[in-house]
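Only one structure is covered here, and it is reproduced in the block below.
Numbering of residues begins at 1 and proceeds along the displayed sequence. Atoms within each ligand, like the ligands themselves, are counted from 1 in listed order. Quantities reported herein were computed from a predicted structural model and do not represent experimental measurements.
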Amino acid sequence: MLITRTIAETRTAIAHARAQGKRIGFVPTMGYLHEGHLQLIDIARQHSDFVVVSIFVNPTQFGPHEDFASYPRDFERDRTLCEARGADLIFAPEVSEMYPERSLITFQIEKLADRLCGARRPGHFNGVVLVVSKLFNIVQPDIAVFGQKDAQQLIIIKRLVQDLNFPVRIISAPTVREPDGLAMSSRNVYLSPTQRAQSTVLYKSLQRAKTLIESGERDAKRVIAEMERVIATASEAKIDYIEIVRVSDLQPIEKLDGLVLIALAVYFGKARLIDNIILNVSDRAVREIAALP
Ligand code: AMP
């Protein structure tokens, strides 16, 4: 497995693989890898011959009071995990390599960043779209894999690729969970033992929403109220948001119908955890969608 720190050596290594006729798969991450990330590597492997993993805690997607400085980092551990999982190259640049100067080009994201995390983390998706665009230009992958755990990010990236004609296919991967349902996240290390025990209410509330909708409920407000009740059973939980939006444009929906995203963000102390499910709702049936097509 190769490790590169500069853009130039990354381009050279990937050009070499491509010259051998290999298809390039890409998994962008912020490191501190867990099984969720590793399953993205597995999926990339299935669709390509040379898997590139980037490990970069991207400062432009963090707000001034967010956890950029304290975000967990452990390159040696990540390196061992990537190698064991069969990645071919890790690109792990310094901030100065990615941003020798502050980028003067920014993106304006209409509609898709209005709600959910976009509303609570101003500028966040701008930073995501900036770094992903740069990484796509550096790696020039044939396919790139993103997790549905960050559903809003996935939907925005799909639209970025469509609107800007990036020659890459975006593949979505189902959310990988701990045995008790908590979505895996690098930020789960922030949780105290009590908070970790209580954090199962996120997934429980999503499951409760699904059960309610399966039993015929179509009113988004009532579903959200029930989810709030489930989360309120955790004394340390502080709800940032619970929203139900259409998958097509991430705008809120009152009467559930079609592809809907039920998403939430909840604080446990300084840890801000997110989770979601996507349901295809019709008059007669409700189907969970593990990974968007
Ligand atoms: P991050 O390192 O948190 O920026 O995540 C890098 C990629 O891994 C993103 O595409 C995430 O959506 C994905 N990811 C993070 N956690 C999970 C998980 N529990 N299951 C599946 N994918 C995940």
Side-chain angles (χ1 to χ4, degrees), residues 25-47 51-63 66-68 70-75 77-79 81-82 85 87 90-93 98 116-117 121 124-125 127-136 139 141 143-161 168-191 196 199-200 202-203 206 261 263-265 271-278 288-292:
F26 183 38
V27 178
T29 82
M30 298 206 297
Y32 212 71
L33 303 178
H34 50 67
E35 181 61 24
H37 296 111
L38 300 178
Q39 292 198 14
L40 305 195
I41 297 178
D42 295 344
I43 292 172
R45 172 100 279 151
Q46 288 160 19
H47 295 270
V51 176
V52 178
V53 177
S54 64
I55 296 179
F56 180 60
V57 185
N58 172 41
T60 66
Q61 71 189 68
F62 287 79
E66 292 182 358
D67 57 343
F68 172 71
S70 60
Y71 195 84
R73 293 162 170 89
D74 187 343
F75 183 75
R77 185 173 159 276
D78 290 347
R79 190 187 62 74
L81 290 170
C82 283
R85 215 54 172 236
I90 296 179
F91 174 45
M98 290 297 281
L116 311 165
C117 291
R121 304 183 68 188
H124 168 67
F125 286 112
V128 169
V129 163
L130 176 64
V131 78
V132 169
S133 300
K134 288 166 72 75
L135 290 168
F136 281 175
V139 174
I143 63 109
V145 189
F146 289 82
Q148 188 156 301
K149 176 179 173 253
D150 299 272
Q152 188 174 22
Q153 167 174 284
L154 168 67
I155 289 163
I156 290 174
I157 298 295
K158 278 172 173 271
R159 189 64 195 221
L160 168 75
V161 163
V168 54
R169 182 155 73 93
I170 303 300
I171 297 172
S172 68
T175 301
V176 179
R177 301 179 178 283
E178 300 288 355
D180 64 6
L182 176 67
M184 290 190 183
S185 165
S186 308
R187 289 188 168 101
N188 290 351
V189 295
Y190 296 147
L191 298 170
R196 173 64 188 84
S199 63
T200 54
L202 272 73
Y203 188 57
L206 291 166
L261 168 66
L264 49 84
R272 181 177 177 279
L273 306 183
I274 61 171
D275 202 349
N276 69 79
I277 53 171
I278 292 178
E288 187 168 349
I289 311 287
L292 278 175

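You'll find the side chain of P93 reaches within 4.5 Å of the side chain of F56, heavy atoms only. Side chains of I90 and D78 form no contact here, defined as non-hydrogen atoms less than 4.5 Å apart. Counting heavy atoms from C-beta on, the side chains of S54 and V27 never come closer than 4.5 Å. Contact check for R272 versus S185: no side-chain heavy atoms found under the 4.5 Å cut-off.
With sequence neighbours left out, R77 forms a salt bridge (Lys or Arg N to Asp or Glu O under 4.0 Å) with no residue at all.
Salt-bridge annotation for D275 and K149: absent, with no side-chain N of the basic residue lying under 4.0 Å from a carboxylate O of the acidic one.
Ordered by chain and residue number, the residues placing a heavy atom less than 4.0 Å from ligand 1 are P28, T29, M30, H34, G36, H37, L40, Y71, F146, G147, K149, D150, Q153, P174, T175, V176, M184.
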